[in-house]
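See structure below.
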Amino acid sequence: MSDMIKTTGLTKLYGTQKAVDQLNMTVKQGQIYGFLGQNGAGKTTTIRMLLGLIRPSSGSIEMFGERLSSRKKEILRRVGSIVEFSGFYENLTAAENLEINARLMGVPKKTAVDDALELVGLHREPRKQVGHYSLGMKQRLGIARAILHHPELLLLDEPTNGLDPIGIKEIRRMIGSLARERQMTILISSHILSEVEQLADRVGILHQGKLLEEVSLQELRTRSRKYLELQVSSDNKAAMLLETHFGIEDYEVHSDGVLRLYSHLDESGKLNRMLVEHGVEVMRLALSEDRLEDYFARLIGGGTIG
Ligand code: ATP
C-alpha cells in the first residue's frame, strides 16, 4: 500500500504557540484514517496545511509520493475536502448548487452531479431548496461537492459536528461506502472517538499539536485493559483491606463507592469473601474492560476526548 499522505516534522507556529508540533503522520492508500484530538489539538491546522491553505512553519508534506510544496496544483486536483462549512445558495436546489461548482471545477456537469448526489443519498428530493435542508443534509451536500471531481483522497474535518445521532450514523454509513465503492482514501477528524471507532482502520491521536500515537483499531482494542469493578458500601475501607490483605496496588477509586482493580482478576470470589467478612458490603462485582475512551483519557493524561 502506498502512502497517500506523509508528513515529516510538520510544524505550525502561531506566534510562539505550536499549533502543530513535529507531526510525522502517514495515511496509506485505501485507509479510513481517524484523526482524533480534543478541541484545539491542531486537527484543523493540520488539514489546512494538507490542503495548501496555510503554509507550514517547518517540516514537509508529501501526498501521492510527491512534495506538496512543489506540485501543489496537480496534487490538490486529486483531493476533495470539507474544512469549514462554506455556504451554498439557499434558494437553489442541491443539483443547481453542485452544477455551479462542477462548472467552476471544470468537471462534466450532469453525470458528476447526479453521481455525487446519489452517493450521498440526496437524489430523492430533487426539487427541495437547500435553505430547507437539515444540517445533516447540508453536511452530505458538502461531501457531495467534495467528491464531484472523483478525488482519490478525501479530507473531512469534523463532518459530524453538530449532528444528531441519526445524522451521525448516516454520515458514517456514507463515508464507509465511499471508501468501499469508490476506493477512496479518507481522513476524518473528530474529537469523539466513538464516531470514528466503527469506521476507521487506523487512528492518529493528536494532543496539543503532537501526534501521541498512530495505531490500527485492531491493535488499539487489544490494549484496552481488563479490570474487576466492585461497588461497595465503603470505598476507603475496601481499598485499605485490598491493599493489606492482597497487596493490591493497581486500582482506581471512582465515585459512588466504585473501585476498579487491574490485578487479581481471577480471584473475585476470594476478594468478595474477604470484604464481606470485614463488614464491607459488595453490591456488584464484575469483570469489565476499558472503553476505548478510557484508554485515550489515560493516554492524554487524564483529560477526555469527547
Ligand atoms: P477544533 O476541533 O476546536 O477546531 P482543532 O484540533 O482543529 O480544534 P486547531 O483549530 O487546529 O485545533 O487549533 C490548534 C491551536 O492553534 C489552538 O490553540 C488554536 O487556538 C490555535 N490557532 C488556530 N488557528 C489560529 C490562528 N489563525 N491564529 C492563532 N492561533 C490559531
Side-chain angles (χ1 to χ4, degrees), residues 5-27 31-61 63 68-69 72 76 79-87 135-136 138-140 142-143 146 153-165 167-168 171-172 175 185-200 202-215 217 220 292-293 295-306:
I5 303 175
K6 188 176 171 60
T7 71
T8 311
L10 188 64
T11 300
K12 180 71 188 176
L13 289 165
Y14 287 115
T16 53
Q17 188 202 352
K18 281 185 177 160
V20 175
D21 190 1
Q22 292 285 331
L23 189 74
N24 298 324
M25 151 174 157
T26 310
V27 179
Q31 271 178 353
I32 299 183
Y33 185 100
F35 195 34
L36 281 171
Q38 292 171 304
N39 291 332
K43 306 180 295 294
T44 304
T45 304
T46 304
I47 292 175
R48 290 174 70 83
M49 287 193 278
L50 295 176
L51 291 168
L53 297 170
I54 50 173
R55 216 201 271 274
S57 305
S58 57
S60 67
I61 299 172
M63 284 156 102
L68 181 64
S69 53
K72 191 165 150 180
L76 293 181
V79 181
S81 66
I82 50 167
V83 186
E84 274 122 31
F85 191 71
S86 54
L135 183 63
K138 283 185 183 165
Q139 285 293 64
R140 281 193 275 155
I143 295 177
L153 173 66
L154 201 53
L155 307 180
L156 305 175
D157 195 17
E158 302 256 6
T160 54
N161 234 3
L163 300 185
D164 58 22
I168 292 173
I171 296 276
R172 197 188 292 144
I175 292 170
T185 305
I186 302 178
L187 177 141
I188 169 174
S189 81
S190 180
H191 61 286
I192 302 172
L193 170 66
S194 57
E195 276 179 21
V196 297
E197 188 186 336
Q198 295 164 40
L199 201 60
R202 202 170 170 78
V203 294
I205 299 146
L206 196 67
H207 185 56
Q208 295 175 347
K210 286 193 161 69
L211 195 66
L212 296 186
E213 199 156 43
E214 206 173 62
V215 66
L217 253 291
L220 209 54
L292 282 178
E293 263 91 355
Y295 175 80
F296 283 106
R298 274 209 311 276
L299 195 65
I300 63 176
T304 54
I305 288 185

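Source: prediction; values computed, not measured. Just so you know, ligand 1 is whichever comes first in the structure, and atom 1 is the first atom listed for that ligand.
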Ignoring hydrogens, just give me the one of [options] whose non-hydrogen atom is nearest [atom].
| atom | options | answer |
| --- | --- | --- |
| atom 9 (P) of ligand 1 | Leu206, Thr45, Thr46, Val20 | Thr45 |
| atom 17 (C) of ligand 1 | Ser189, Gly40, Ala41 | Gly40 |
| atom 6 (O) of ligand 1 | Gly42, Ser190, Gly209 | Gly42 |

Closest heavy-atom pair and its distance - [X], [Y]:
| X | Y | value |
| --- | --- | --- |
| Leu154 | Ala146 | CD1-CB, 3.8 Å |
| Ile47 | Leu187 | CD1-CD2, 3.8 Å |
| Met49 | Ile61 | O-CD1, 3.5 Å |

Treating Lys72 as the side-chain partner and Gly52 as the backbone partner, does any N or O pair qualify as donor plus acceptor under 3.5 Å?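 Present.
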For [X], the ligand 1 atoms whose distance to one of its heavy atoms is below 4.0 Å:
| X | answer |
| --- | --- |
| Gln38 | 6 (O) |
| Gln17 | 15 (C), 16 (O), 17 (C), 18 (O), 21 (C) |
| Glu158 | 2 (O) |
| Lys43 | 2 (O), 5 (P), 6 (O), 7 (O), 8 (O), 11 (O), 12 (O) |

Return yes when atom NZ of Lys12 has more than 12 non-hydrogen atoms of other residues, nucleotides or ligands closer than 6.0 Å, and no otherwise.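 Atom NZ in Lys12 is packed in, count exceeds 12.
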Is any side-chain heavy atom of [X] less than 4.5 Å from a side-chain heavy atom of [Y]?
| X | Y | answer |
| --- | --- | --- |
| Glu214 | Thr26 | yes |
| Leu217 | Val203 | yes |
| Pro159 | Ile82 | yes |

Has ligand 1 got any nitrogen or oxygen that is less than 3.5 angstrom from a nitrogen or oxygen of Ala19? no
Protein contact of atom 27 (N) of ligand 1 - nearest heavy atom, named by residue and atom, plus distance: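 For atom 27 (N) of ligand 1, the nearest protein heavy atom comes out as Tyr14 CE2, 3.5 Å.
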For atom 4 (O) of ligand 1, the protein heavy atom that lies nearest, with its residue and separation: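 Its nearest protein heavy-atom neighbour is Thr44 OG1, 3.3 Å.
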Please check atom 25 (C) of ligand 1 for a protein heavy-atom neighbour under 4.0 Å.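 Answer yes: something from the protein, a heavy atom, is under 4.0 Å.
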